[in-house]
Amino acid sequence: MTLVAALLAAVTALLALDGAGPASLFRHAYLVPVVVAALRFGALGGTIAAAAAVLLSAPFVLPEIERSGLTSEASEGLMTFAVLALVGVLSGALRTRAGRHRRRYEILVAIQRTLADAAALDVALVRVRTALVPRLRMDDLALVARDGDRLVVAGGDRVAPGSLVARVLDEGAAAFVGDAGGGCRSRRAFATPLVSGGRAIGVLAVERKGEIAAEERAALEALGAHVGLALENARLASRQRQFAAELAEKISVARRELEELDRAKSAFVAIASHELRTPLTALQGFSELLALRRLPPEEVSRLAGVMRRESKRLGRIVSDLLDLSRIERGLEPALCRVPLAVEPTIAATVDVLRQGTATHPIAIECEPSLPKVAADPDALERVLTNLISNAIKYSPIGSVVRVKARALGGAVAIEVADSGRGIPAEALSRIFEPYYRVPDAVDAARGTGIGLTVVKALVEAHGGAVRVDSAPALGTRVTVVLPASQGA
Ligand code: ADP
């Protein structure tokens, strides 16, 4: 201000010293303090400085008009008044507008910074409010945002039904209250929606003792739209981060599962080769014996029995492997379904197994007049062989293995029960996985870990279901339910 006053005084002194009256060229120098004041203090400063310049230069112009009328020199002096007033007001107004724009820009930058790092909506809203309060120069400021069904409020306790904020939230349009009480100097309230995607996701409400001009309200509306967008962006960014974290977790779980599967497969290759080699070695050894030696007939028939048993075992393992390879390629097992009587199939399978092992008595209990099932005879035989072999493998020598069949609605339930080691509860959900073997049971019996996988796939391909009930140390019961044949 002092600088402006000094400049005005200096220009006036120059005019006086020059003595050229209203036409003195020094009169243009008044533009300097007027522009300085406008740039420094805005519209008001520019106007006051222009008025002061006009008043100070008037003693040089007005006496001339009085003396000689409106001479060309006096007209120039009057023209200078007009130019000074125009420059002062215009440059001041431009300066004021530029200042307003800068403040708005600073507010937007502050909001962006506030929402840059991940935070819950409650925290983000409080941060935005803290950034806005000193910049908007209001007496009170509240922010409300929808979060699903609830409303998050910063700067107010709650949103009262029927209040200005509730109205703006419902209608999605800004509202102004010109007199919100407040004694001699009335309070004014203004609320504007926080807009995102064309809908109100919240409200920015302000209150001030004194005027909230139309221009300021328009700026607040624009700010509301910006805050809405910024909040939505922050919400999207946070959702994206959460999604990325979930994806990373899923990928790592999938990788772990793949690694585990890979390990299981390697173990399986080792076990399967061993499982295949054992019967092969027996077959090789006994066949050589038969070819090279002359043996008594009873010994020949004993060796032939062993060879038959081992070749059956080999055949079973190969069938399971072929089925597994189809399952792993996402194909259903190849089936040729016919109406099949359950009891004779059970009896035939048990017969074959009895020839192979005398270690466990196998009891068959079938309800009379069971309906036939629609099944592939070879597949049902493999299911039964797998289940009965497991019952034998995982139960102590001498204990009874029971195979039962009963009618169950439009189906037949076949149960294979043993009183063996049982399966721990935590392993029950995994026994149908390919290559899975209960760790404790690995040393108890030989196996590949694919038998139950094949059983499940075969039974499900028949439209049936498998269920396992087991209690450690008490025994295991596997129930297979197969739909009855329609024509049965
Ligand atoms: P395996 O060739 O190892 O027997 P399966 O797929 O037939 O493979 O069975 C998977 C695992 O389930 C077995 O390794 C064993 O630990 C467990 N299991 C299956 N049947 C029984 C049973 N009757 N009693 C106890 N454990 C069983």
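In each ligand, atom 1 is the first atom listed, and ligand 1 is the first ligand listed. One-based numbering along the sequence shown. Here the structure is a predicted model, which means the values were calculated and not measured.
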Heavy-atom gap Asn386 to ligand 1 smaller than 4.0 Å: no
Sub-3.5 Å N/O-N/O distance, Tyr394 and ligand 1: yes
Qualifying side-chain hydrogen bond (donor to acceptor under 3.5 Å, both in side chains) pairs with a residue from residues 447-461, counting only residues at least two apart or across chains: Lys456-Glu460
Partner of Ile414 under side chain to side chain contact (heavy atoms under 4.5 Å, CB included), chosen from Thr345, Val342, Val373: Val342
Which of the ligand 1 atoms, numbered from 1, are nearer than 4.0 Å to a heavy atom of Lys393: 1 (P), 2 (O), 4 (O)
Determine all donor-acceptor pairs shorter than 3.5 Å in which one atom belongs to a side chain in residues 244-253; sequence neighbours excluded.
| unit_1 | atom_1 | unit_2 | atom_2 | d |
| --- | --- | --- | --- | --- |
| Ser252 | OG | Glu249 | O | 3.3 |
| Ser252 | OG | Arg256 | NH1 | 3.3 |

Contacting atoms of ligand 1, where contact means under 4.0 angstrom from a heavy atom of Tyr436: 10 (C), 11 (C)
Contact (N/O only, under 3.5 Å) between Gly449 and ligand 1: yes
Val438, portion touching ligand 1 at heavy-atom distance under 4.0 Å: both
Contact check, side chains of His360 and Val400, non-hydrogen atoms, under 4.5 Å: no
Option whose closest heavy atom lies nearest to atom 3 (O) of ligand 1, chosen from Arg477, Lys456, Arg437: Arg437
Residue portion contacting ligand 1 (non-hydrogen atoms closer than 4.0 Å) for Ile423: side chain
